[in-house]
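Step one of this worksheet: look at the structure below.
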Amino acid sequence: MLRGRIISTGSFLPENVVTNYDLERIVETSDDWITERTGIKERRVVNNGQTASDLAYEASRIALKRAGLKPRDIDLIIVATVSGDMPFPSTACFLQKKLGAKNAAAFDLNAACSGFIYGLHVASGLIKSRMHKRILLVGSEVISKFTDWQDRTTCILFGDGAGAVIIEGTQEKRGIYSTHIDSDGNLSELITLPGGGSMHPPSADSIANRLHFIKMNGNETFKVAVRTLTEIAHRTLEANNIEASRISLLIPHQANIRIIQATAKRLNLPIEKVFINIHKYGNTSAASIPIALDEAFQTGRIKDGDYILLEAFGGGLTWASSLIRW
Ligand code: COA
């Protein structure tokens, strides 16, 4: 049986660090409050006009180099993002141009913070069906440009960054064992970026009403996140007939340390088996899982044969999970 396998990873974080103490000078908040409620200590924020395709390019270059591949070896580029360079063309096309990946087709995927696992779902299906041979999947976000730096309930949460993986087919007993995706459009109001689309096109009013910034009902999102993540993670384990105790590492979307802890507890996974880097980067949306995956692999937390469980949720609402055997 042919299945997709991640053969290489790469990530890129902008240099500029914004700490909770920096935010104390912008909005009425405190390092204590942010740390206790979210687990975040600092995040990266671009400060030199870098775009989502710039960050995606850096992460992709590293993943290609580690795989010993040239950009022309890639036949599909998928970029998961909600903070792309422009509404169109796609950030994936800008990335293709920057890489010189002339043999690839390229498109963006919008599933907000679940975008990377949604991308894994699409990529693994295209590999299994032999429609593509080698896919570059990137999560890249410059969320800081859509963050309302006057809104203390959201500006403390997000950060910029990018992570990339290269996926090929394998007949071996490893790779992407399964992917599971879900959404509920009835909960679309919980996290939005209302302005700039056909509902609220850019206008003097949309700017005056701050519609071009992220809006979120954090409390409600929190509750739905824990419930849906637990359910989809259990479903993923069942689909593969595997006990949670055999998972070597859970790599959750890094949105809030309390969501991460609550989900791990409900899965009966000790916190030592959970990869956490939220304190350094905050919520980097679609980039959070590929950045974490890259860091986990580079720091020796993932070894050949390990079962890795991924899970994410985000605007839509969307949520998703995947079991990988490394
Ligand atoms: N600093 C200090 N106080 C803050 C604050 C900040 N940055 N943000 C909110 N507060 C205040 C609120 O105004 C409220 O004050 P009040 O009790 O006087 O009204 C109080 O803190 C509690 O607010 P609440 O919203 O209940 O806090 P919370 O414990 O739910 O934490 C979030 C807020 C946003 C951190 C939390 O709900 C969360 O992380 N939700 C999930 C969001 C998420 O992950 N979104 C991304 C999806 S991919």
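What you see is a predicted model; the values in this text were computed from it and never measured. Each ligand, and each atom within it, is numbered from 1 in the order the structure gives.
Interface atoms of ligand 1 facing A255, defined by a heavy-atom separation under 4.0 Å, are 44 (O). Below 4.0 Å from some heavy atom of F313 lie the following atoms of ligand 1, by number and element: 44 (O), 47 (C), 48 (S). Heavy-atom contacts of I191 reach the following atoms of ligand 1: 47 (C) (cutoff under 4.0 Å). The atoms of ligand 1 that sit less than 4.0 Å from any heavy atom of I156 are 7 (N). Ligand 1 places these atoms under 4.0 Å from at least one heavy atom of N283: 46 (C), 48 (S). Near G218, meaning under 4.0 Å from one of its heavy atoms, ligand 1 places the atoms 37 (O), 40 (N), 41 (C).
For atom 10 (N) of ligand 1, the closest heavy atom belonging to the protein is W33 CZ2, 3.4 Å. Ranking the protein heavy atoms by distance from atom 30 (O) of ligand 1 puts N219 OD1, 3.2 Å first. Distance from atom 48 (S) of ligand 1 to its nearest protein heavy atom, with residue and atom name: C113 SG, 3.0 Å.
Both I289 and I135 belong to a single network of hydrophobic side chains, linked directly or stepwise wherever heavy atoms of I, L, V, M, F, W or Y lie under 4.5 Å apart.
Across the listed options Q254, R37, E24, R37 owns the non-hydrogen atom lying nearest to atom 28 (P) of ligand 1. Taking all heavy atoms of M216, R152, E36, K223 into account, the minimum distance to atom 15 (O) of ligand 1 is reached by R152.
Side chains of D108 and T81: no donor on one and acceptor on the other come within 3.5 Å. Inspection of the Q96 and Y57 side chains reveals no N or O donor paired with an N or O acceptor under 3.5 Å. A donor atom on one side chain and an acceptor atom on the other are not found under 3.5 Å apart for T236 and H234. E141 and T284 form no side-chain donor-acceptor contact under 3.5 Å, judged by distance and modelled atom types alone.
Note that the SG atom of C155 and the CD1 atom of I143 stand 13.5 Å from one another [nearest 0.5 Å]. To the nearest 0.5 Å, atom CD1 of residue I214 and atom OG1 of residue T192 are 9.0 Å apart.
Shown here, atom 25 (O) of ligand 1 is in close reach of the protein: a heavy atom of it lies under 4.0 Å off. Inside a 4.0 Å radius of atom 39 (O) of ligand 1 there is at least one protein heavy atom. Contact annotation for atom 2 (C) of ligand 1: protein present (non-hydrogen atoms, distance under 4.0 Å). Distance check for atom 32 (C) of ligand 1: every protein heavy atom is found at 4.0 Å or beyond. Protein heavy atoms are absent from the 4.0 Å sphere centred on atom 19 (O) of ligand 1.
Ring to ring, F146 and H212 are not that close: their centroids are 6.0 angstrom or more apart.
Geometrically, ligand 1 and T38 share no nitrogen or oxygen pair separated by less than 3.5 Å. Residue S30 places no N or O, backbone or side chain, under 3.5 Å from any N or O of ligand 1. Geometrically, ligand 1 and N256 share a nitrogen or oxygen pair separated by less than 3.5 Å.
A cation-pi arrangement is absent between R43 and Y281 under the rule of less than 6.0 angstrom and at most 45 degrees off the ring axis.
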What verdict does the salt bridge (Lys or Arg N to Asp or Glu O under 4.0 Å) test give for D306 and R246, after you've listed the backbone C-alpha separation in whole Å, the side-chain angles of each residue and the deciding distance to 0.1 Å?
CA-CA 9 Å; D306 279 357; R246 290 181 65 200; over 6 Å; no
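Ring orientation note: the planes of Y177 and Y307 are nearly perpendicular, at an angle over 60° on the 30°/60° scale.
Looking at S11, its side chain never comes within 3.5 Å of a backbone N or O of A162 through a donor-acceptor pair.
The shell of residues lying under 4.0 angstrom from ligand 1, judged by heavy atoms, excludes I34.
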